[in-house]
Each structure stands twice: as structure tokens, then as C-alpha cells.
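Note: hydrogens, waters and symmetry copies are ignored here, and every other heavy atom, side chains too, is used. Note that this is a predicted model, so its numbers are computed, not measured.
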Protein chains: 2
Amino acid sequence: MPSRSPLDAGAGRPLYEQLRGPLLEGISQGRWKAGEPIPTEAALAAEYAVSIGTVRKAVDALVAGGVLVRMQGKGTFVASHNARRMMFHFFHIVPRERDKTYPEVRTLEFRRDRADAEAARALAIPRDERVIRIRNLLTLAGTPVILDHITLPAELFPGLSEKIFTSRDNTIYHLYQSRYGINVLRTDERLRAVPAAAAQAGILGVAPGSPLLEIRRVAVSFRDRPVEWRISAVNTSAHDYHNRFGKGEAP
Amino acid sequence: MPSRSPLDAGAGRPLYEQLRGPLLEGISQGRWKAGEPIPTEAALAAEYAVSIGTVRKAVDALVAGGVLVRMQGKGTFVASHNARRMMFHFFHIVPRERDKTYPEVRTLEFRRDRADAEAARALAIPRDERVIRIRNLLTLAGTPVILDHITLPAELFPGLSEKIFTSRDNTIYHLYQSRYGINVLRTDERLRAVPAAAAQAGILGVAPGSPLLEIRRVAVSFRDRPVEWRISAVNTSAHDYHNRFGKGEAP
DNA sequence: AAGTGGTCTAGACCACTAG
DNA sequence: TAGTGGTCTAGACCACTTC
């Protein structure tokens, strides 16, 4: 089979790196949707006129980046934001002594607005661009722990309503992916300790002025496109923000 | 050349995974020291009677894990904890608006002690085992920002004195590596917001009770051996704890 | 049995470094 | 020029899934 857009062996960049382009293209443009299999390695090798080894190396990189998932004997699939993956990659609040648990989400507010300066900068959109603002309260094992303030660029989420948002039966990132084709690949987080404002304190059940952990997070998709801006206030009296560094598994 | 301890193709585990064992062994036992080259890929292939491709895959994994560093045309080297690598991997406090800067370290206290319950658990040593306790004040661009309380298992750092500790001309982790052969590969961090104690407040120049970011960190070496336990109190009024998730680079 | 990804090989050629 | 790692190939065989 001829190549769709032939790769160039002498282009300076290695073939397995060039191959990433068409693969990401295929995913973000809907040729293969989340949860669906991409073509077999042999088929991709034939399509782009490279060897299977080169295809494997390209796929390896996307698997490492969380974009694809391999299943031996079955095929290679576009990663889907199921609850487990979501918890593992992007949710870092854990009970101090017990195991990680799933949060229960209650939406306190959902409204359309214009971007303020900070949101505009975080989302790389013009000031006063249309955005959707959401406030969520996350409860862990019956205790309210996290107060989220989410800002979404309205342009990327056409028709998103409070009903759609709250009636999802999965994680928020899964909603982004399944309904809008937006895959969250990376997050950038900045943390600091702040005194609880009166409103936060009431909702989280702590004294005003007592320390909260504030997380400011930008979630980005393909090509470093910011797709969500979120400020979380966390009551860390019984929970920690948990984190490992040093990529390798236990050597 | 015959293999030192031959790998077993039919052992269930792939050869490139088995090869990780002897390579880590060689590093942690001093066959190759930090900054030194390991044998060429061809030599390793001959020594362990596998193909170069298999050696490459094993080395790839260790490079990804930060244990080895490749330099085209020169060789593959045992990673060294230079200041740059240290900053990049294990130091996450950044000025809110400006770029990352190097901290200036002042040692406030250095003494020998016995492990309390928390340190014993973190370091996986018996209670009352001998430890070294160090308090450091880290200053960024002239402002005191971080108060570190470090606990080391004395057994792993024989002869370590305040003089040696403070007269190093490089990072702390570099000292661990160059003097004691201890390579910090991973850290496990738990963060929470806490009110500043009076003593901390005085040193960091904030009001008592104002929010500080507290980081509890275990640094581990080969075979998940904990080698350092550290509690840091961070004044986040002008600095953030910064963090990216989602392993891949920008696709 | 057929088809998938997983491992492994043997070798070619290229790009970079050093003497 | 010789030696290193970096890329790429073509194919063998294995382990797993599905029918």
C-alpha cells in the first residue's frame, strides 16, 4: 500500500519520530477514536513504507506518553480516560494513612463567563474570551476535602451544559475525551499554601485563615494546547498531595 | 568473551530485563563509578552473549531511569549528580514569576541522634538506630524560603561530619554519590499546608501561624533502599512548588 | 488455526568524537 | 581514520487472544 504522506529518510529527523505526526493526526482528527484499535504494526509498516521495528519504536514513544495502549494478542488502542488511568496520572490527593480512594464530585456552580487576566494567560486565549466556569466540591470517604474552580475555553466545549456536565457517569477528563475529542495528555501544576478564605472555610469545614493547599493547574492536549485551567483548594489536615520523582520503576 | 553470569533466555523474563541486574550491580559495587563510561555496547553484547539490540534496550531503560547517560561518539556513562541534573529532577521550588534559580544553603545544625518513630518508618530502619540530623536554611535570590530538616541513617554515611557536609562544593546529592557511592534515583514526596511554628516563622520571616508548605520526602537508591528523610517547610508567599505530569515531551 | 503484539537476532549504514 | 552510539532493516520465533 502506498504511503499517505511518505516519510523522508533523509530529513534529518529519524523515521520513528516522523511517524509520530501521522499517528497523532489520526487520533486528534478522529480516524481512530478513544478505545479503538489503530492498524496493526505490519499494516502501519506497509502504509508508511518502513520496517516493523521502526513502527514499534514510534508506537513505544506514544505508549510511554500515555497516548496509546498495547494489548498483546489484541492490538494497540487509543488510550481512554477511564477512572483508573485518571486516578493514577492526574489525581494526587491521598488519605494520610489509608489507601487512595475515589472522590465523589458535587457541582456547586456552572456558569458562562469571560476570561479574566489569569485564566486568559493560563489558557493562552485573549482576555474576555468566552469561558465556562465550574465549581466542584470533592468528597473523600464522606469528608469534603477539595474545592475545585474550573475554567474551560467555551470554544472547545460547544454545547456543554450543567446537565451534561453533572450527568456524566465517568471522570471529567473522560467527558472531555468522549464528547469533545479532547485528550488531556499533560498537566502543569503549581502549589502553594494559603490561608482559607471565609467562603472556602465554610464549605470545607475548617476555620477561616487556617492553612489550605492551593493547586493551580493547566491541563494540555496535543500540540501543547491548554484545555483546562483549574484552581483547587485542598484541606490537608488528613490528606496529602503525593508524588514520586525519578521516572524508572524500582531497579 | 564468556559471560560473567550468563543470562537465561528461557527464564520467563526477557533478556534485556535480566541485563539490568548486572549493570546495576556493576554501578553500585564500583565496577564503574559515577561519571565513568561503561563498556561499549558491542563489548557488553559479547560479554553477556546477547545481540547489540538487546543491550541497547537494556541501556535504554537505565537511561530513561536516569542511571546512565549516553553521549554519541563517546560512550555511555554512569550518571553523575551535577547541579543541573539535581535542579531538574529533585528541586521543585520556583519563583512565582521569574525563572528557576539555584538555592544558597546555610547549615544551622548538624548533630548525631537516634531515629524517632517517624524517621525510622520513613528510612526503614529500627527505632533508635543511629542517625544524623541536619537543619538547613535555603535562600533564593537573597530571601530565606526553605527550612530543611534532614535525617540520614548514620550507617550509610560513615565519618560524615559537619565540616565535610558544609565544605562540599556541589549539591548534597552529589556528596552522597561521590563520597559514599549512594545514588539517589527516586524521591517520594508528600505535601501539606501547615501553620508556621514560632521557631520556623522567625527563621523564614513570616508571622507565626501563617501557612507554610510542608514537604515530607524520602529519597531512595538502588533496590528501593531509603537513604534520606527530609522535612521541608517552604514559604510560598513568592514561590511555588512546580510540577509536570504526563511523561511524554510535547507531541 | 490465524492474527496480534513481544522478544531477539545479525548486520548495514549514518553521525559524531577523538587522535 | 578508528571507534562510539544512533538509526533502520528483514526476519525468526514466542506468548497471548480469538474463533
Side-chain angles (χ1 to χ4, degrees), chain A residues 1 3 6-23 26-27 32 35-80 249, chain B residues 1 3 6-23 26-27 32 35-80 249:
Chain A
M1 187 190 299
S3 153
L7 307 182
D8 178 5
R13 292 169 58 223
L15 291 176
Y16 65 81
E17 220 174 84
Q18 295 180 44
L19 197 48
R20 192 160 62 167
L23 290 176
I27 294 168
W32 316 296
E36 291 179 2
I38 65 172
T40 70
E41 299 182 342
L44 287 172
E47 178 174 353
Y48 293 100
V50 295
S51 80
I52 288 194
T54 301
V55 170
R56 281 191 67 80
K57 202 156 180 187
V59 171
D60 279 347
L62 293 176
V63 168
V67 179
L68 297 175
V69 175
R70 279 208 177 93
M71 290 186 170
Q72 180 170 151
K74 296 172 73 175
T76 300
F77 300 78
V78 179
S80 178
E249 347 62 85
Chain B
M1 189 192 296
S3 153
L7 307 182
D8 177 5
R13 290 169 60 224
L15 293 176
Y16 66 80
E17 222 174 83
Q18 296 179 46
L19 196 49
R20 191 160 62 167
L23 290 177
I27 295 168
W32 316 296
E36 292 180 0
I38 65 172
T40 70
E41 299 181 341
L44 288 171
E47 178 174 353
Y48 293 100
V50 296
S51 78
I52 288 193
T54 302
V55 171
R56 281 191 67 80
K57 202 157 181 186
V59 171
D60 280 346
L62 293 177
V63 168
V67 179
L68 298 175
V69 175
R70 280 201 230 264
M71 290 186 173
Q72 181 170 150
K74 296 171 73 174
T76 300
F77 300 78
V78 179
S80 179
E249 346 63 83

Length of the [atom1]-[atom2] vector between [X] and [N], whole Å:
X	N	atom1	atom2	answer
A:Arg13	D:dG6	CZ	P	18 Å
B:Lys57	D:dG5	NZ	C1'	18 Å
B:Leu19	C:dC8	CG	P	10 Å
A:Leu15	D:dC8	CG	C1'	7 Å
B:Phe77	D:dG3	CZ	C1'	12 Å
A:Arg56	D:dT7	CZ	C1'	16 Å
A:Asp60	C:dT7	CG	C1'	12 Å

Want to settle it: does B:Thr54 or A:Arg70 sit nearer the 5' end of DNA chain C, counting the closest nucleotide to each?
A:Arg70
Counting just side-chain N and O atoms, does [X] come under 4.0 Å of either OP1 or OP2 of [N]?
X	N	answer
A:Lys74	D:dC16	no
A:Ser51	D:dC8	no
A:Tyr16	D:dT7	yes

When you get a sec, tell me which of D:dT9, D:dG6, C:dG5 is the closest nucleotide to the side chain of A:Glu41?
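Nearest to the side chain of A:Glu41 among the choices is C:dG5.
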Using the side-chain heavy atoms of A:Thr40, tell me which of these nucleotides is nearest: D:dT7, C:dT4, C:dC8.
C:dT4
Just the atom pairs and distances: protein N or O near nucleotides 11-15 of chain C's N or O, under 3.5 Å.
from: C:dA15; atom 1: N3; to: B:Gln72; atom 2: OE1; distance (Å): 3.0

Base, sugar-phosphate, or nothing for A:Val59, non-hydrogen atoms under 4.0 angstrom?
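Nothing: the residue A:Val59, judged by heavy atoms under 4.0 Å, touches no strand.
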Could you tell me the separation between the [atom1] atom of [X] and the [atom2] atom of [Y], rounded to the nearest 0.5 Å?
X	Y	atom1	atom2	value
B:Ile38	B:Ile27	CD1	CD1	7.0 Å
B:Arg56	B:Leu19	CZ	CG	13.0 Å
A:Leu23	A:Arg20	CG	CZ	10.0 Å

Mind checking who D:dC14 pairs with, Watson-Crick or G-U wobble, both distances under 3.5 Å?
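The answer is C:dG5, by the H-bond criterion.
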Heavy-atom closest contact (B:Trp32 atom, B:Pro37 atom, distance)
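So the minimum-distance heavy-atom pair works out to CD1-O, 4.0 Å.
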Tightest non-hydrogen contact, residues A:Ala79 and A:Gly66, listed as CB-O, 3.2 Å
Quick one: does A:Gln18's side chain have a donor or acceptor within less than 3.5 Å of a partner on A:Arg13's backbone?
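At least one qualifying donor-acceptor pair exists.
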Please examine the side chains of B:Thr76 and B:Leu62, heavy atoms only from C-beta on, and report whether any two atoms are closer than 4.5 Å.
no
